[in-house]
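To find a chain, count down the sequence lines: A is the first, B the second, and so on, and within it residues start at 1.
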4 protein chains.
Amino acid sequence: MKTAQEYIESLRGLKRELYVLGERVEDFTEHPILRPSLNALAKTYEMAHEPRCAELFVRQGLDGECVNCFTSLHHSTHDLLNKVKALRLLGQETGTCFQRCVGWDALNALESTTFEMDRALGTPYHDRFLDYLRYVQQQDLVCNGAMTDVKGNRRLRPGQQADPDLYLHVVEQRPDGIVVRGAKAHQTGAVFSHEIIVMPTLGLRAEEKSYAVAFAIPSDAKGVLHILGRQSCDTRKLEGSSMDVGNATFGAHEALVVFDDVFVPNERVFMNGEWQFSGMLVERFAGYHRQSYGGCKVGMGDVLIGAAAAAAEYAGVDDASHVRRKLAEMTHLNETLFACGIACSVAGTALPSGTYLVDQLLANVCKQNVTRFPYEIARLAEDLAGGLMVTLPSERDLNHPEIGRFVDKYLRGAADIPTADRMRILRLIENLTLGAAAVAYRTESMHGAGSPEAQVIMIARLSNLEGKKALARRLACVNLMDSHCIS
Amino acid sequence: MKTAQEYIESLRGLKRELYVLGERVEDFTEHPILRPSLNALAKTYEMAHEPRCAELFVRQGLDGECVNCFTSLHHSTHDLLNKVKALRLLGQETGTCFQRCVGWDALNALESTTFEMDRALGTPYHDRFLDYLRYVQQQDLVCNGAMTDVKGNRRLRPGQQADPDLYLHVVEQRPDGIVVRGAKAHQTGAVFSHEIIVMPTLGLRAEEKSYAVAFAIPSDAKGVLHILGRQSCDTRKLEGSSMDVGNATFGAHEALVVFDDVFVPNERVFMNGEWQFSGMLVERFAGYHRQSYGGCKVGMGDVLIGAAAAAAEYAGVDDASHVRRKLAEMTHLNETLFACGIACSVAGTALPSGTYLVDQLLANVCKQNVTRFPYEIARLAEDLAGGLMVTLPSERDLNHPEIGRFVDKYLRGAADIPTADRMRILRLIENLTLGAAAVAYRTESMHGAGSPEAQVIMIARLSNLEGKKALARRLACVNLMDSHCIS
Amino acid sequence: MKTAQEYIESLRGLKRELYVLGERVEDFTEHPILRPSLNALAKTYEMAHEPRCAELFVRQGLDGECVNCFTSLHHSTHDLLNKVKALRLLGQETGTCFQRCVGWDALNALESTTFEMDRALGTPYHDRFLDYLRYVQQQDLVCNGAMTDVKGNRRLRPGQQADPDLYLHVVEQRPDGIVVRGAKAHQTGAVFSHEIIVMPTLGLRAEEKSYAVAFAIPSDAKGVLHILGRQSCDTRKLEGSSMDVGNATFGAHEALVVFDDVFVPNERVFMNGEWQFSGMLVERFAGYHRQSYGGCKVGMGDVLIGAAAAAAEYAGVDDASHVRRKLAEMTHLNETLFACGIACSVAGTALPSGTYLVDQLLANVCKQNVTRFPYEIARLAEDLAGGLMVTLPSERDLNHPEIGRFVDKYLRGAADIPTADRMRILRLIENLTLGAAAVAYRTESMHGAGSPEAQVIMIARLSNLEGKKALARRLACVNLMDSHCIS
Amino acid sequence: MKTAQEYIESLRGLKRELYVLGERVEDFTEHPILRPSLNALAKTYEMAHEPRCAELFVRQGLDGECVNCFTSLHHSTHDLLNKVKALRLLGQETGTCFQRCVGWDALNALESTTFEMDRALGTPYHDRFLDYLRYVQQQDLVCNGAMTDVKGNRRLRPGQQADPDLYLHVVEQRPDGIVVRGAKAHQTGAVFSHEIIVMPTLGLRAEEKSYAVAFAIPSDAKGVLHILGRQSCDTRKLEGSSMDVGNATFGAHEALVVFDDVFVPNERVFMNGEWQFSGMLVERFAGYHRQSYGGCKVGMGDVLIGAAAAAAEYAGVDDASHVRRKLAEMTHLNETLFACGIACSVAGTALPSGTYLVDQLLANVCKQNVTRFPYEIARLAEDLAGGLMVTLPSERDLNHPEIGRFVDKYLRGAADIPTADRMRILRLIENLTLGAAAVAYRTESMHGAGSPEAQVIMIARLSNLEGKKALARRLACVNLMDSHCIS
């Protein structure tokens, strides 16, 4: 298992065609807009070396050796449960998205899907995949799980788009591999990944075979292009103030990853035309990832609740009954999310390959709540923070030789708390509710692992309405011949 | 383990001073207002004899023999989880409260509390309690867990009330036992219990010693009086229509149980003045009972969702997109409750006696959601049911020689569904949302195991705000000396 | 204008084919299940004679004379606003539905629709209608506004039903009138109406001409049959207890009204085949009626908030901070409904006939909130009431010679409040949340004047999305040529 | 009445001690971070010259001449209603806070309060105030209404703070005027105001006399210092991209305004020690300002709904049923706010001075909803926008010679919509939900005119619980002697 430092160094050797705010960036591990994201990823390595965390972050690999959990398979509901706990802990430590779950979830989804696909169709993917997984475990790599296509006009299926490349597809079959073209959007953590694992974005039909493709490539493969997405307040990180950014250490990033006719060798191809298994792969990945949010977002919620409580304390209102009720409500909502994360884990079941999958109904329920409760927690945090959160002067004003004394004097809350500390806490709340981390806490909660409507559809499908109707009809004695209705 | 029939027969020998709607009732097992409640309780016996349910409903007793789960201790988180599953199943089967959980939860709370009390104070309660538990297991008894005092003026503590009896207390200490006076309110299932287990209703202070009392007595002990509470639509059960009651088979009841100077022999006294342990006993009982609702109410929710789906089908609107969304939302809310029930179970921990307790924070979160979601599920059910639910004529109108044909003709929905079936399903929804079962689905969800405010207080207490504040301060670099803030 | 007593006497002369719980009822003004409903209607007469209420309840009729407002047209937004205020006052006085708005709303909808229909099609309905209105005003009659057909299979249009009578339609055109067949469901106040005004239930198509029919008949016309709907707890009114019913004085009723080949003379026919105007009539009636709920339900809400506050006071908890917050929240929700009632009134506009119509968007917004907030107000009332609301013994238990003293002793709250008073207030809350008045406060709020989905459709249609999109595109400089985007 | 251009020029003559991001700014009307704010204010001048808007934006001044409505008094409920309509229109036009309401509301609150204060205490403030108002009307000035003190430790009253200046107070009484010290926080539009009107921030006590001070000064008075607050994404305005800012034309700003021993001449002092009237002044200002939000935030809501609808259209999903439902829900919530704004206006009443005040209960209800619904509208907008909103590359990436083609190709939605247009609309949604305008749409909705708890307190105080309890007791026959309870 790599240390955090070894991880960062391992990236330095990678080539990147990376654009940030319209400019080509070479030294991508040091760019101030990106560096907090790298720190968050590095934390996933660091935790595996902390003795107190070993139970959660170290697991057995394919060959029985110790591996970082983010490269492991889930062999039990205990593993699934530990995943949620590990993610909550990381969310607490970083206060942001640490960007390594998509790869983990992709590995687990591919393992069982290739197993069942091979069994059904006689394809050779599972062994290939295990070879790849062994490599990932041994090298302790970050894998970017690339599922979401850019999708163009949502009303149209992949093959119906004006531009066929709006869903990533195979444009050439070669003896030694395939050539693919397209783009994956919203790729969390892409810039700091060693590998990219590509999967289809939806269940496909026979006529959409060329879109049914899954594979892995090194993130610096030829033809791969990264274009960084803008986050709210992104350029504050360029100002050199550790205060104004709210969270100076940790952050996240998303990129548009373009595949401009990229070659994939056969040994890294895990699906190539088997459209029948595209839906299974998508649903399993989505299931794992909807579970993830019952951990990571809860950890971020812990930070936000703590920040709101600190802001209230610094303003001297922590004893007010409405403040205590609001903090209890935030905790209630946050723990409800955790409960859902736990529940879909322990209700998980073994798949034919032996790997465990979450309970899909409960995982969708978990994610659906994640599209709601963080927003209410954020609203309550903004309530407790007060208007000052968005009208605070800058750190440079606080430190200004002439006006700094006014800022210090007039923005003081409880007399014994330095004004700078109060400002820092308010900036952290801003970061999580409006700023760069709001992308992780709000938007990712909404759309990550599928937009809310995707869960509504799944919940409807898995709700067993017929069974429930039978319960009701029986109790209502719709069939009067039921024994309990006769007497 | 008794069969359902043996259980019913075992009650026949009991004396009862029971009043129903102002009249003394002797043959209490046959009273039409009460009988559905007995049926629901009997179902807890029946399930233990169904092979498909044995895993959930049969457990090992103190001496290793098979006992009905409702008399067992929880020896693992697996036991706790199975409890929630068993309760959901029973909720599905009966569509109401089956009234046997309070006793179960009381047994478990007393077991660990007496253990710790004896260890701390040298009292002799634990062995006494185990003897009692052995008796309960061997006889397979229903125990009424009697906690809630009538409380009088809530602003005043027990000893400050104008009438000292408004909290049950010891009025005489005798060599062979104690004499108690008071009343317990809202006693679910009391009339059909073999035993009453009395516990204090809140954490007590030194000067309130006489209220710190726990014990068990047979339900027909001298001085015990039952006065039945009225439920919405209670007298419909007297009309002889299986349709108009909504659920003709199953129901529940609550009684005011008066203790008019009742003698309790020493061997059944489990607390007598040890006020220091009253809070522990109350909290443990409440924790178990708050967990319970993550099972039983979910089962009732399944029935209500099914009934709403059937009503929509019978009206021909089951394909409408808004109908499908509302059913999915009801399922989502219902499964969120189940997730909370599961989570507080699997996060449970062993107490010193070896018995397992639920995770208290998550159990309170569970119950707090139970005070909200069933109301929204009911609202959506009423939406889908349509106004007809409350404007339906009676079964006698439907069967009337002259006007029956009009009722049949004009209240027909989908042409192939008999009007009577449609009416039955609508009456079941009425039963659950406005009628007798609404007491179980709404009011008990609100106030059972403690009113919402009780959970708010517990959530606030268990939320570890200081730990969360520390997380926030660290990320905000409130202490600039933290290593990650320096670089 | 009739007095309340004159109104009741005027009903005695009417014949009724009325069935209640499967029995023919002759003396319908004295039936204990129905009498509270008559009292509530009588209140609409009484108010017009109270000097303090004259401003709201007395208006000018067609010939300038004073008439009861419930028979008047709206000549200004001031009239519309006064309607909402009058309904709130009546809701406060009766604590239930007073059943006279449907007729009022029908009269106003027909006046303007017949005016525009005549102008467009040369039909003779408007003068006929004015003659009828003059008669209603002079006699001060209660009109049952009968719109809702029984509808059968909702997936099918009127003409497609297996039974053509599931929507009321003309079965014979005669020289002197028409013969109609069908049934109207959920007819609030029907039994105590002098007149029935029938309207179509939805916008119709050319091939559905026979369903496009509007007319008025005396409520005792030959072929009219009333079958009473069951309400929750209906038979408690037969027990003779003023306590157990919660609200002993006032109530409401709904009936299925069957039209078994009823003849309507030409002078009372206001639409006969003009399907093009059926939609206008339905929408206008619905608009007025959706406004109504911004008054009457607010008045009921006032009663429920007051009852919850009294219950809290009697339990000694009125000072608790969570209690005060919950009461404030209930008030907040209730006044939001009132705000919507006011707003759609003052934003009303004159129609071609000079009569004023509410603002349709805001009236639909009003009603949509009415489908939500009363449920939350009720939930909070049930929270404040405590479990005792559903476990109270009967009045007969309280008055029982032997056990009455226990009931009185143990259900006492604040020591200076008689137990009976506490029980009465709790029974009133039960009445409004689970009992007979819950039909008015919950179900009618949900489905009256159209189920929630009907408002969603109207809000979507009236939301002017294109205009809003234009605002957004302009600010986003989607067209860069906009002057403000160039500089 | 000034034109927009005249307004901007009139500012150029003003001195400013203004700091932006730690730097002194001289040419404050041209600073790119501030300019959009100036544009929004200028719009309030422009509208008064648009013939189509004259009815809303032009009113009669004290001497009967035409004045901009923002300097006028409310002489009727019609005026109050027109205020709300005008603010909605401006919200639609600017998509942000236009910053001129605080001054308007301050003028109206001071007019009636000084009138009543003079009458009660014989003070000379009302005539002084009218002279000042005449000046404001004639010069058509922007007045910054400065109420919110920085407040320090909220648990302590003004005089108890460690630093007495944390509430603005009089530090010297001179024959010709007073000298004040302190600071006002969150001052919306302060930099572009001609005048500052200072008021106390809460109801004061006798011992807090020196804090009971109200006055007006020119915004460039000696000793006045402006320190700009940071908004989310503020520095994007420095990048020169009209796309990335979302709303390139309009914005708002808030400043900390420091009063460093500022002299106020007697003729501009409107309260000086009359603590008895501080509460009245605060409540009236708050009432007017809580009404305002029922207009301006609705206008912003219109923009956000339109932007979300456009985003859905550009993605090709505008026909999806869940999309249409969400847009209808957003409209429903937004119009509910408008309904509250209308209602508190038309329910307004005349004060002794003849000026009209809003209905305080409904105004507080309005504002309380404003603390909730915009958050839910924003959440739904983020749902409809999709994740792309926060992962979009910059405009410079789109225009980049090498990678621009990839951005254009892969971020295309509906084929006929230019990618740039789609990006612009998404940036507008980002602006309103996470960016600079979120300060106006979220935080100001939460805390402007008082935080949510302030409204809860007012609603509780104005809810007439005793009257409501009397309604309930009467219906429940708590006093059996009531005439309707006897029969």
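- The contact between A:R474 and chain B is made entirely by side chain atoms (from C-beta outward), counting heavy-atom distances below 4.5 Å.
- For the pair A:T336/B:C340, a side-chain contact is recorded, criterion being any heavy-atom separation below 4.5 Å from C-beta on.
- Taking CG from B:D318 and CG from A:L465, the interatomic distance works out to 9.5 Å, rounded to the nearest 0.5 Å.
- Residue B:Q455: no heavy atom, backbone or side chain, is found under 4.5 Å from chain A.
- Taking 4.5 Å as the limit, some side-chain heavy atom of B:R473 sits within range of a side-chain heavy atom of A:I425.
- You'll find the side chain of A:V478 reaches within 4.5 Å of the side chain of B:Y314, heavy atoms only.
- Between A:H332 and B:R372, some side-chain heavy-atom pair lies under the 4.5 Å cut-off.
- Separating the CD atom in B:E335 from the CG atom in A:N364 is a distance of 11.0 Å, to the nearest 0.5 Å.
- Among the candidates A:V245, A:L428, A:T331, A:D302, the residue making the largest number of heavy-atom pairs closer than 4.5 Å to chain B is A:D302.
- Contacts with chain A were tallied for B:N39, B:L471, B:L81, B:L462; B:L471 has the most, counting heavy-atom pairs under 4.5 Å.
- Nearest heavy atoms, A:A307 versus B:A472: N-CB, 3.4 Å.
- Per-residue counts of heavy-atom pairs under 4.5 Å with chain B were compared for A:A311, A:A309, A:S345, A:A460; the largest is that of A:A309.
- Most heavy-atom pairs under 4.5 Å with chain B: of the set A:L333, A:N369, A:L361, this distinction falls to A:N369.
- Atom CG of B:L475 and atom OG1 of A:T94 lie 7.0 Å apart (nearest 0.5 Å).
- In this structure, the portion of B:V346 lying under 4.5 Å from any heavy atom of chain A is its side chain and not its backbone.
- Both the backbone and the side chain of A:V303 come within contact range of chain B, with heavy atoms under 4.5 Å apart.
- Atom NZ of A:K468 sits about 9.5 Å away from atom CG of B:L327, to the nearest 0.5 Å.
- Each of A:R324, A:E329, A:R427, A:M243 has some count of heavy-atom pairs under 4.5 Å with chain B, and the biggest count is that of A:E329.
- Between A:L362 and B:I342, some side-chain heavy-atom pair lies under the 4.5 Å cut-off.
- To the nearest 0.5 Å, the span separating CD1 on A:I305 from OG on B:S463 amounts to 8.0 Å.
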